[in-house]
Amino acid sequence: MIKWHVGVLNDLSSEELYKVAYERIRTFVIAQDRIYQEIDEIDPIARHVLGFRGDRLVAYARIFRENGHVTFGRVLTIPEVRGQGVGRQLIGQIEAEIQRHYAGELISIEAQIDKRGFYEKFGYHALGTVFNFNGSPHIRMDKTALRMAE
């Protein structure tokens with residue numbers, strides 16, 4: 001079972017912040033062989049979604065507003081839990097958080113091109129052409145605004 005924790009940067013403990021940085025660097029810099037500034041200026045303004053099994057961070061994403069829409073990124077599940085439905089649970093948590101804090105706003109993400117099919121399962125639609133973002137091919141994907149849960 002996964003225990004979810006969502007908060008802004010100041011809500012995260014130093015241990016949680018360490019685990020987030022460790023897994024993001026392991027996933028996006030080391031495993032994907034990309035050299036870029038992983039911890040950035042978005043972190044202080046984002047809402048962070050953390051999923052734990054016991055004390056192990058197994059899933060993570062951050063949500064924030066930019067250019068008139070809501071977006072999310074740095075979506076990851078650790079290799080040890082892939083294929084177990086954790087990614088689907090993470091998207092559910094992300095979208096629940098968007099409903100709570102950003103209801104009615106267009107969702108627009110920049111997805112790694114190899115994750116396009118995954119996001120399409122959740123109603124995201126690719127727009128435009130493939131572009132390079134931090135050393136890997138991405139595509140813009142949009143989803144209509146989520147309404148406030150009743």
Side-chain angles (χ1 to χ4, degrees), residues 2 4-9 12 16-53 56-149:
I2 297 177
W4 297 96
H5 173 72
V6 180
V8 295
L9 194 62
L12 302 182
E16 288 172 326
L17 183 56
Y18 168 80
K19 289 177 180 183
V20 166
Y22 181 89
E23 293 302 345
R24 282 175 38 180
I25 292 167
R26 180 169 84 131
T27 299
F28 300 117
V29 177
I30 296 169
Q32 296 181 4
D33 195 24
R34 299 185 306 158
I35 305 299
Y36 72 100
Q37 184 62 49
E38 174 41 44
I39 305 298
D40 62 20
E41 70 281 352
I42 300 298
D43 290 310
I45 64 167
R47 299 190 66 74
H48 301 268
V49 180
L50 292 77
F52 289 92
R53 277 197 184 149
R56 181 81 191 262
L57 180 71
V58 297
Y60 171 84
R62 66 182 186 181
I63 305 166
F64 55 99
R65 192 181 276 129
E66 72 174 5
N67 302 324
H69 63 268
V70 65
T71 190
F72 59 89
R74 302 301 203 268
V75 177
L76 72 86
T77 58
I78 64 170
E80 296 84 352
V81 302
R82 291 187 189 144
Q84 299 175 23
V86 176
R88 288 189 301 276
Q89 292 177 53
L90 177 57
I91 295 298
Q93 292 296 316
I94 292 166
E95 290 191 343
E97 194 66 15
I98 289 171
Q99 282 182 306
R100 275 192 287 282
H101 296 279
Y102 308 99
E105 295 185 40
L106 171 71
I107 305 169
S108 184
I109 64 173
E110 295 177 347
Q112 291 182 359
I113 196 68
D114 64 330
K115 306 299 186 285
R116 177 179 174 169
F118 174 76
Y119 289 112
E120 286 175 339
K121 293 175 187 175
F122 296 95
Y124 291 84
H125 302 281
L127 298 170
T129 58
V130 174
F131 59 93
N132 184 314
F133 180 75
N134 289 333
S136 67
H138 281 64
I139 192 159
R140 177 179 164 188
M141 298 189 80
D142 286 1
K143 184 173 182 174
T144 56
L146 300 173
R147 291 188 296 234
M148 180 68 88

Short N-O contact, Glu80 and Arg26, less than 4.0 angstrom: yes
Over 60° means perpendicular and under 30° means parallel, so classify the ring planes of Tyr124 and Phe72, tilted if in between. perpendicular
Do the side chain of Arg34 and the main chain of Phe28 share a donor and acceptor less than 3.5 angstrom apart? yes
Show, in sequence, the C-alpha distance, side-chain angles and deciding distance for Thr77 and Val58, and conclude whether the side-chain contact (heavy atoms from CB on, under 4.5 Å) test is met. CA-CA 6 Å; Thr77 58; Val58 297; over 6 Å; no
Could you state the interatomic distance from [atom1] ([X]) to [atom2] ([Y]), rounded to the nearest 0.5 Å?
X	Y	atom1	atom2	result
Phe133	Ile113	CZ	CD1	14.5 Å
His138	Lys115	NE2	NZ	9.0 Å
Leu76	Glu23	CG	CD	7.0 Å
Phe64	Ile42	CZ	CD1	4.5 Å
Trp4	Gln93	CH2	CD	5.5 Å
Ile107	Ile63	CD1	CD1	9.0 Å

Salt bridge (charged side-chain N to carboxylate O under 4.0 Å, His left out) between Glu97 and Arg62, intermediate numbers included: CA-CA 10 Å; Glu97 194 66 15; Arg62 66 182 186 181; over 6 Å; no
Contact check, side chains of His48 and Asp43, non-hydrogen atoms, under 4.5 Å: yes
Give a yes or no on this: more than 12 heavy atoms of other residues, nucleotides or ligands lie within 6.0 Å of atom [atom1] of [X].
X	atom1	value
Tyr18	OH	no
Tyr22	OH	no
Asp33	CG	no
Arg88	CZ	no

Could you tell me if Tyr60 and Arg24 have a donor-acceptor pair between their side chains, going purely by distance under 3.5 Å? yes
side-chain contact (heavy atoms from CB on, under 4.5 Å) between Asn67 and His69, worked out: CA-CA 6 Å; Asn67 302 324; His69 63 268; 4.0 Å; yes
